[in-house]
Amino acid sequence: MARTTTASVELDGAARTATHDLILSLADSKRLLGMRYAEWILGAPELEAGIACASMAQDEWGHARLLYALLKEFDVDVDRVEHGREADEYCNMVALDEAPDDWAGLIAINVLCDGALTVQLEALRASSYVPLRQRVGKLLEEESFHAAHGAAWWRRFASASDASRTALHDAVQARAGDVLAWFGPDGPGARTLIGASVADGAGSTLRERFVEKIAPLLASAGLGDVFTNIEPSFESFEEARRRPHGRAPDRATIQRIRGDRNREFLMD
Amino acid sequence: MTQSEAIRSVAAASRRTRHDLVALRTAEAARRAEAVSEARARAGVDEAALRRAREAWVASLPHDTAALWLALCDVSDPELPISLVDLGLIYDIRRVDTHVDVDCTFTASACPCMAFIKEDIRDRLLEEPNVSSVQVHEVWDPPWTVERMTEEGRAVLRGAGVTV
């Protein structure tokens, strides 16, 4: 069994940095994803779907909270990370930068973005970094409901009509490249995470796991070859932030996420 | 009144609201105790079997923290009519002199009642003799599932119409 690490200071320099970067990218992505779900609490096609979005938003913000809290171990000012950063400092998955403009887009995000985050979490189930491993089980347990929700709606889109299938195709194709790229190149950071047994896979390994995992859903929608035909682009890609340089989530979303207008009302 | 004065006054009112909430919750706890006994009657709970299970559990408690575990049996979950102990949220209690550490989990990673639950644990344990400080630690491993509930807790929830 790999050596385990209970404190971030016990990770060596490069592993510590790569672990910090991974946690921040996961937390930021979950925060944005929670916001994307929350935007559909009212306006989803069914009342039940809106309620599901409320639950998923709550879960994602809970996950983000647990992950941000871990950054204290890395000598990070967590309050600033949560409430002080500008949009261009975020490290979230690019496919979550903009709000989807229709329900097909939300379902694409549910299956692709939430699914990709889950594949990344699964690679941490046996992490040598104990504080992270100890949280992953709870997160994955809650994620199983998100996967069931996404799959159920995906199948409805895939089978309802030509129009619904086309809407799903467009939503998936618009995001596929960004989702695949989020797993990152097989660069130094990825090698460090695997070498330190923080993760049991990174970069192309996780991409393959992800595509294999969603293959049945892709096939059900006649999208079997969408992901196999895409070569993720790493042009101007920052491995540490897991996104291309120069792009940022929309500012209005970040202002709401930071709670700018409500900070002075906090009781604590 | 300037805008910042207005904001400060709202924040002060929020703090007052918090104090009012504590009073409300005390009244709610009394009402809940009554509801629990009604729920048990409705569920046809085998009180004798549960009493035996509870006695066995009490006998199994570590000597130095038994009173603390029993004290937390008085603390209800804010949303369900059973104690934090019956819900299976308390993972460990340790005592060093007059300081107590409690390992506690939550049913969901975004449980909206985390702050209340921690506060209730602290407040109740500080009522115990020879306890001067309490620290509540959040733990997530192993994750909470309904399997962690006691038989007594399940019986009450079933009586209240919750499937467990």
Part of A:Arg135 within contact of chain B (heavy atom distance under 4.5 Å) = both
request  = Measure A:Glu142 against the heavy atoms of chain B and call it side chain, backbone, both or neither at under 4.5 Å.
outcome  = side chain
Within a radius of less than 6.0 Å around [atom1] of [X], do more than 12 heavy atoms belonging to other residues, nucleotides or ligands occur?
| X | atom1 | value |
| --- | --- | --- |
| A:Glu89 | CD | yes |
| B:Asp97 | CG | no |
| A:Glu46 | CD | yes |
| B:Arg94 | CZ | yes |

ask   = For the candidates B:Pro112, B:Pro142, B:Pro143, which exhibits the highest count of non-hydrogen atom pairs separated by less than 4.5 Å from chain A?
value = B:Pro143
query = Considering only heavy atoms, which portion of B:Thr145 lies under 4.5 Å from any heavy atom of chain A: side chain, backbone, both, or neither?
reply = side chain
ask   = Closest approach of A:Asp59 and B:Ser109, non-hydrogen atoms and distance?
value = O-OG, 3.8 Å
inquiry  = Minimum heavy-atom separation for A:Gly62 and B:Ala110, please, with both atom names.
reply    = CA-CB, 3.5 Å
query = Is there a donor-acceptor pair under 3.5 Å between the side chain of A:Gln134 and the backbone N or O of B:Asp141?
reply = no
remark   = One should read off an interatomic distance between A:Lys138 NZ and B:Trp144 CH2, to the nearest 0.5 angstrom, of 7.0 Å
